[in-house]
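First comes the structure, then the notes that go with it.
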Amino acid sequence: AQKITQTQPGMFVQEKEAVTLDCTYDTSDQSYGLFWYKQPSSGEMIFLIYQGSYDEQNATEGRYSLNFQKARKSANLVISASQLGDSAMYFCAMRKLQGAQKLVFGQGTRLTINP
Amino acid sequence: SAVISQKPSRDICQRGTSLTIQCQVDSQVTMMFWYRQQPGQSLTLIATANQGSEATYESGFVIDKFPISRPNLTFSTLTVSNMSPEDSSIYLCSGALARQETQYFGPGTRLLVL
């Protein structure tokens with residue numbers, strides 16, 4: 001079974017600072033993918049970034065980067081130069097890359113950016 | 001990426017009634033899924049919608065309560081049957097394109113059952 005753990009229920013950061021959201025995972029699969037989604041108060045789930053278990057380099061998408069440490073089973077999201085619009089819930093998720101494609105989600109971290 | 005729309009965006013329903021949520025994608029996704037997000041909680045998969053056949057339900061979810069259809073590659077419906085206040089949640093549809101790893105989500109349907 002797969003499990004995602006996000007240990008930070010809430011984070012408060014000053015605008016323009018960088019922020020790291022923690023995510024650890026547990027799986028017995030050799031091939032898997034890790035995802036981060038942003039959920040603003042509107043409720044939609046916005047895909048941010050993806051990291052495959054066999055990818056040797058950390059994924060980056062604009063201001064988002066994923067700090068992937070396979071041996072430690074962690075996949076932290078780093079947001080650089082935070083903006084007020086970054087305030088939202090952030091979910092880490094994973095799925096195995098063969099077979100069933102269902103996503104398993106962590107409990108989320110509520111990020112608040114202060115002006 | 002895939003653009004996914006859902007209808008309705010929100011609804012308030014009386015207990016004992018049923019609501020059907022529609023999900024439309026703009027590309028031929030290989031997989032479609034329905035998730036539930038209860039208030040203050042994370043997302044939980046209800047079922048995988050299979051084209052032309054019965055959906056595959058996760059533990060704790062049954063077809064009589066959450067019947068799902070997927071008549072073609074780009075359209076699916078989820079019905080929440082015989083609703084109770086415990087069904088008040090956000091229901092999200094998602095899709096995965098062929099040869100892509102990412103699942104994209106619709107905007108969600110906010111359901112309040114009184």
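In the text below, chain A, chain B and the rest are named by the order of the sequence lines, each starting its count at 1. Heavy atoms only: backbone and side chains are in, while hydrogens, waters and symmetry mates are out.
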Quiz item: chain B heavy atoms under 4.5 Å from A:Gln6: which part of the residue, side chain, backbone, both or neither?
Solution: neither
Quiz prompt | Proximal component of B:Leu43, with respect to chain A [non-hydrogen, under 4.5 Å] | solution = both
Quiz item: Quick one: does B:Leu45's side chain get under 4.5 Å of A:Phe105's, heavy atoms only?
Solution: no
Practice problem: Taking all non-hydrogen atoms of both residues into account, name the closest pair between B:Ser42 and A:Gly106 and its distance. | Solution: OG-O, 2.5 Å
Quiz prompt | Joint hydrophobic cluster, A:Leu48 plus A:Leu21, side-chain heavy atoms closer than 4.5 Å | solution = yes
Quiz item: Are A:Met45 and B:Tyr91 in one and the same hydrophobic cluster, where Ile, Leu, Val, Met, Phe, Trp and Tyr link if side-chain heavy atoms are under 4.5 Å apart?
Solution: no
Quiz item: How about A:Lys70: does its NZ atom have over 12 heavy atoms from other parts shown lying under 6.0 Å from it?
Solution: yes
Counting only pairs under 3.5 Å, give me each side-chain donor-acceptor contact of residues 107-115 of chain A, with atom names and distances, residues two or more places apart or in other chains.
| residue | atom | partner | partner atom | Å |
| --- | --- | --- | --- | --- |
| A:Thr109 | OG1 | A:Gln8 | O | 2.6 |

Quiz prompt | Inter-residue atom distance B:Ile90.CD1 - A:Gln39.CD, 0.5 Å rounding | solution = 5.5 Å
Quiz item: Going through the checks in order, is the side-chain contact (heavy atoms from CB on, under 4.5 Å) test met by B:Gln103 and A:Tyr37?
Solution: CA-CA 10 Å; B:Gln103 280 187 29; A:Tyr37 289 86; 3.7 Å; yes
Quiz item: Cluster question for you: counting only ILVMFWY and a side-chain heavy-atom cut-off of under 4.5 Å, with indirect links fine, are A:Tyr50 and A:Trp36 together?
Solution: no
Quiz prompt | Under 4.5 Å from any heavy atom of chain A - which part of B:Thr102 | solution = both
Quiz item: Side chain, backbone, both or neither: which part of B:Gln41 has a non-hydrogen atom closer than 4.5 Å to chain A?
Solution: both
Self-check item: Derivation and outcome, side-chain contact (heavy atoms from CB on, under 4.5 Å), residues B:Phe33 and A:Leu103
Solution: CA-CA 10 Å; B:Phe33 306 89; A:Leu103 286 170; over 6 Å; no
Exercise. Could you please state which residues from residues 104-114 of chain B sit under 4.5 angstrom from chain A, measuring non-hydrogen atom to non-hydrogen atom, sorted by number, or 'none'?
Key: B:Tyr104, B:Phe105, B:Gly106, B:Pro107, B:Arg110
Practice problem: With a 4.5 Å heavy-atom cut-off (strictly below), which parts of residues 55-79 of chain B touch chain A? List them by number. | Solution: B:Glu58
Quiz item: For atom NZ of A:Lys38, is the number of surrounding heavy atoms from other residues, nucleotides or ligands below 6.0 Å larger than 12?
Solution: yes
Quiz item: Is the shortest heavy-atom distance from the side chain of B:Glu101 to the side chain of A:Arg95 under 4.5 Å?
Solution: yes
Quiz prompt | CD/A:Gln14: more than 12 non-hydrogen atoms of other groups inside 6.0 Å | solution = yes
Practice problem: Could you tell me which residues satisfy salt bridge (Lys or Arg N to Asp or Glu O under 4.0 Å) with A:Glu17, sequence neighbours excluded, listed by chain and number? | Solution: none
